[in-house]
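Because the structure is predicted, anything quoted here is derived from the model rather than measured. All chains are named by letter (A, B, ...) in the order of the sequence lines, taking the proteins before the strands, and each is independently numbered beginning at 1.
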Amino acid sequence: MHARAAGPVDHLAAIVAVIATTALSRAAGPVLALPDVVLLYLFAISATAYRSGRGPALVAATASVAAYNFFFVAPYHTFAVADLRHLLTFAVMFGVGLAISTFAERARVQQADALERERRIVALYDLTRDLSAASDEDGVARAVVKHAEPSFGRAGLAAVTEAGDIVGPLGTELGPVDRAAVLRCARTGAPTGTEAAGAIGARVWCLPVLAAGAPTVLVLARDRPVDRDHAEAFAQQVGSALERVRLAARAETATLRARTEEVKSALLSTVSHDLRTPLAAITGAATALLEPTLPPDRRRELTEGIRDEAFRLERLVGNLLDMTRVASGSLDPRREWVPLEELLGTALQRVERSSSDHPVSTLIAHDLPMLRVDAVLIEHVLVNLLENAVRHTPVGTPITVRGHVRAGEVEVEVADRGPGLPVGDPTRWFEPFVRGAGQTGGSGLGLAICRGIVRAHGGEIEADSPPGGGAVFRFRLPVEEQPPAVPTGAFT
Amino acid sequence: MLIVEDEVPVRRFLRAALDAHGYRWIEAGTAGEALVAAVTHNPEVILLDLGLPDGDGIDLLRRIREWSRVPVLVLSARGREADKVAALDAGADDYLTKPFGVQELLARIRVALRHAVGGASEPSSVLDCGGLRIDLAARQVWKGSAEIRLTPTEYRLLGLLARHAGRVVTHRQILSEVWGPNAVEHVHYVRVYLAELRRKIEDDPSRPHWLLTEAGVGYRLADHS
């Protein structure tokens, strides 16, 4: 990088300096001896050299010699020289002026170079700092854009896919010739555009960035000259960071995949066991029924067993299907206005058989606002909670269902005075496939489904151990603005 | 009666159930066969599975309804409430959700036969649902020996359910008959009025004995006689 080039202003300044020196020397008059004047001119030349470089310094030297000749060497006010020894003075003056200007120029250039090097190092340092903070490819790309700007102007990263598409924010901005340059750079791994022959008409410089994964190119807009070394250092830093980020992403994907596989196989084995158990009972009972010598009460027992196990299977399959819907987020509640009473009525009807040994009492606030919910889904929630209470409490334990308004929401509680929740985080019970200790009956999905359904309605569900013992499962649903009043049936 | 069902195991069980109770029947495995069978044999009741391989059960239903008021019970899977409602609105009389038990099936068939046009029993003006007595002519409702006072709309609603006693009535049907065809979108009308009816009639409104909810479909007045 060169120091600032001298412009016409600088040359003018050189002449001004000489004029000033001349005026000063003349004004000083007899105080200054001739050698002093020569030194003053040399001073002016040096100053010009320091400030503006060689060109203006040469102008200053020439002007100084001319001025000295004109004003201070006899015959005065002419360019003729009386004593030829003055020619030597002129030569020395000019020569020293030249030398000084050369030295000054060199110093200037070196200083400019040093400043430039320092600037680049700082730029690379800043880049590296931001790159090490980047956690993904986007972060790296952003760091590139930010830090390339002071050194290279507009720049960006472009990744090339196997299909030859250019991925990255620059993708849309590149014209066809530029895209060709990018692709060639990616394919050959060699920089393009920095040699004139490489990319005729392209408006970008391309440098390969070495990193794992898709070939990536550092694209620099050609709006200023690019220092090859600096650009390569830049590209190298970017390459390291990009490699790190990509490998980290790959590792994370691999871990996630492994964990998903683990969960899947655990699920499969649980489900397979849960499905096989009732099937085994049914197969066993059915084949036993084919035995000719079976007393009638045995037959009845076996047939009832088949019926019960089949119901159990049906419930399990239903739960699995519901769980799939909840997990995939495709629960789409078909909302209607329903009073809680009605939902409870159908739920109680559904669990009548299994809850026959448990007295169920209901306490619904009289003026409870109607809920705008999917009746089938919320009934399902109530059924699951009731069956849960039945399954986890000894025969005869009373179960209470309460419904009231609290803090602008409808709160429904299914409570029992049984053994209560096991020790531990109550939110655990709403995770899929989590069962109570010693439980083989349920699928472990009921509560997870409840949570999915309640949340799909904008509500929340929780479990608690109330002070008097037992367990309470509570869910809340937002109260919607009530529907318009019902007309008294104008029959048309 | 006509059984329209493509799954052989279900047909097997239906056969066993019907046979045990002295019903005679014909079977059809596709909608095409069913139509032919319905025309040829003129059954008294049709059991129609909505999941037929070669066509929409509801289409078949509509076509049958063009020329016959034969009672039709639709068989449908769990979670397909929309299908059941569509079938009921297209003219089906009642539905059964698979898997269902024999007792439920026979009860629904009995109700369907009872309500059939030109059925054996004369439509009587007093309905006894086992403890609940509805006098359609005198517009009075009795629970045991106590009369229950109803508003005209409540009465109209109860009357509709009573005329279909034992069978399901969809929300749409209720709205259309009690509030008029323009009201069919306002399901909450029905809910509010039915809740009120339950409070007046049932011992425990949250565990109804007579006014049963068929979730997602409609309501049914249970006949406990």
Applying side chain to side chain donor-acceptor pair (under 3.5 Å) to B/T213 and B/R198, what does each step give before you reach the verdict? CA-CA 11 Å; B/T213 309; B/R198 281 205 182 109; 2.5 Å; yes
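In terms of non-hydrogen atom pairs under 4.5 Å with chain B, the most contact-rich of A/E336, A/E379, A/E352 is A/E336. In terms of heavy-atom pairs under 4.5 angstrom with chain B, the leader among A/T346, A/V401, A/D374 is A/T346.
Within the 4.5 angstrom heavy-atom criterion, atoms from both the backbone and the side chain of A/V360 approach chain B. Only the side chain of A/Q349 comes within contact range of chain B, with heavy atoms under 4.5 Å apart.
The only option from A/L386, A/D416, A/V390 that meets the side chain to side chain contact (heavy atoms under 4.5 Å, CB included) definition with A/H358 turns out to be A/V390.
Taking the six-membered ring for Trp and thresholds of 30 and 60 degrees, B/H171 and B/Y219 have ring planes more than 60 degrees apart, a perpendicular arrangement.
A centroid separation of less than 6.0 Å is found between the aromatic rings of B/F13 and B/F100.
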